[in-house]
Colleague: 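The following block contains the structure, expressed as structure tokens.
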Number of protein chains: 2
Amino acid sequence: MTRPRSFDEAAVLHDAMDAFRRSGFAGVSIKDLGDATGLTSGSIYNAFGDKEGLYRAAFGYYIDAVIRRRIETYVGEANDLNGLEQLFLSLLCAPESDEHGCLLTNAAVEFGAQPSVASQGLAEGFAVLEAAIRRVVEGQIGGGQVGLLVARLLLLYQGILVLIRAGQNISACPAVIRSEFEQLRKLLP
Amino acid sequence: MTRPRSFDEAAVLHDAMDAFRRSGFAGVSIKDLGDATGLTSGSIYNAFGDKEGLYRAAFGYYIDAVIRRRIETYVGEANDLNGLEQLFLSLLCAPESDEHGCLLTNAAVEFGAQPSVASQGLAEGFAVLEAAIRRVVEGQIGGGQVGLLVARLLLLYQGILVLIRAGQNISACPAVIRSEFEQLRKLLP
DNA sequence: TCAATTCTAGAATGATCATCTTAGAAAGAG
DNA sequence: CTCTTTCTAAGATGATCATTCTAGAATTGA
């Protein structure tokens, strides 16, 4: 009975994700989203309910297909500092560095802490990110300063994504990341 | 001939600045800005030309009344690490911590690197901030790693403002800032 | 006080917005 | 093949948007 979707949902969410990363939620219209995804407004409303529904779906897709995937790729099962360092260095490459920035960071700044269409995605995204960092720091270094070190890395992560989005000169970032992780390695037992 | 303005321009720009910090440029309407400032739309258009003109004026006000003032207050003529540390710690207090975030950071994320109504303010704001940090690092520490240290501090600055805006737990931030500056002090000649 | 000037208030305007409706196309079940 | 179901396409709708217009209030120089 239920007909299969006639469009590629992952591809649509990918395109919508890029549109939201580029222009934010308020800065993009249903028409823009139709142009970006190749769907008509009717199809969007039928498939996702409304603009907020599409945003939520695209945000969820971003968390899974970009953030979780990046963590698995670089940190994976090893949970070591080298992998986490590679993860940070990878931020300087696509897709975050493609001038659209990170949807998590962009949404955090656009919506802030108020309840919004982004609240759930923000909570999940920050939790996933912090958990991955904490897993590595706790497993490799431990001790009483885990909270401090995790906060340092989270701050660095967000700072990098702001500078990338702003188009600032990020040529010094690799050296900052490497010096940060060199410091952490000195704390290895 | 030219009558003085019948409203307090600084107060209006302050209110507009808060509205833009809260909701971004795309997320706030002329009606919202009228409600926030107490002006009618006619007065806004008469005084500032259009919504973009008011945004530019509010952004300029923010750079002068918040960023430059903060730098003068904490760094001033001394240009020492202690003052810069106090500046970073002050970010955790008002007005940035009032849940609206920093207009510079918010604009950087909303508009990105593309030419926009925020381009000039972004360039000026980042330049003012980086120059102040560089002045202290160069004067106090110097050496070949000035670029690296300035980048570290800029990244930390932006990271803090994202986490504040996102309403994340910032209780670890003071310790991160203090440890960062302790490290810098070890580099003092 | 009076006249010239410049402001403000509030309604008006046309564009764009998110959303809905309707008519019909496509796909699977029998 | 045909019927039922579910989709898409495209235009319609009412709200909201940025902006402008108009009438009149306020201020200052004389």
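Every chain is numbered from 1, with letters handed out A, B, ... down the list of sequences.
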Colleague: For Asn79(B) versus Arg135(B), what's the shortest heavy-atom pair and its separation?
Modeller: OD1-NH1, 3.4 Å
Colleague: Show me, pair by pair, the donor-acceptor contacts under 3.5 angstrom made by side chains of residues 113-121 of chain B, not counting sequence neighbours?
Modeller:
unit_1    : atom_1 : unit_2    : atom_2 : d
Gln114(B) : NE2    : Glu99(A)  : OE2    : 3.2
Ser116(B) : OG     : Ala118(B) : N      : 3.0
Ser119(B) : OG     : Ser116(B) : N      : 2.8
Ser119(B) : OG     : Ser116(B) : O      : 3.2

Colleague: Name all pairs fulfilling the ring-ring contact (aromatic ring centres under 6.0 Å, His included) condition that reach into residues 72-94 of chain B, sequence neighbours left out, sorted by first residue then second.
Modeller: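 Counting only pairs at least two positions apart or across chains, the ring-ring contact (aromatic ring centres under 6.0 Å, His included) contacts touching residues 72-94 of chain B are Phe88(B)-Tyr157(B), Phe88(B)-Phe181(B).
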Colleague: Specify the separation, in whole Å, of atom CD of Glu52(B) and atom P of dC17(D).
Modeller: 17 Å
Colleague: Scan residues 36-48 of chain B against DNA chain D and write down, sorted by residue number, each residue with any heavy atom closer than 4.0 Å; if none is found, say none.
Modeller: Ser41(B), Tyr45(B)
Colleague: Distance check needed: dA12(C) C1' versus Ile30(B) CD1, whole Å only.
Modeller: 16 Å
Colleague: Rounding to a whole Å, what distance do you find between Leu54(B):CG and dA18(D):C1'?
Modeller: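 Result: 13 Å.
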Colleague: Can you name the side-chain hydrogen bond (donor to acceptor under 3.5 Å, both in side chains) partners of Ser29(B), sequence neighbours left out?
Modeller: Asp32(B)
Colleague: Quickly work out the Asp50(A) CG to dC17(C) P distance and round it to whole Å.
Modeller: 17 Å
Colleague: Taking NZ from Lys31(B) and P from dC17(C), how many angstroms apart are they, rounded to a whole number?
Modeller: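 Lys31(B) atom NZ is separated from dC17(C) atom P by 20 Å.
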Colleague: Partners of Asn169(B) by side-chain contact (heavy atoms from CB on, under 4.5 Å), sequence neighbours excluded?
Modeller: Ser171(B)
Colleague: Quick test of your reading: applying salt bridge (Lys or Arg N to Asp or Glu O under 4.0 Å), list the pairs with at least one residue in residues 53-66 of chain A, sequence neighbours left out, ordered by first then second residue.
Modeller: Glu52(A)-Arg56(A), Asp64(A)-Arg68(A)
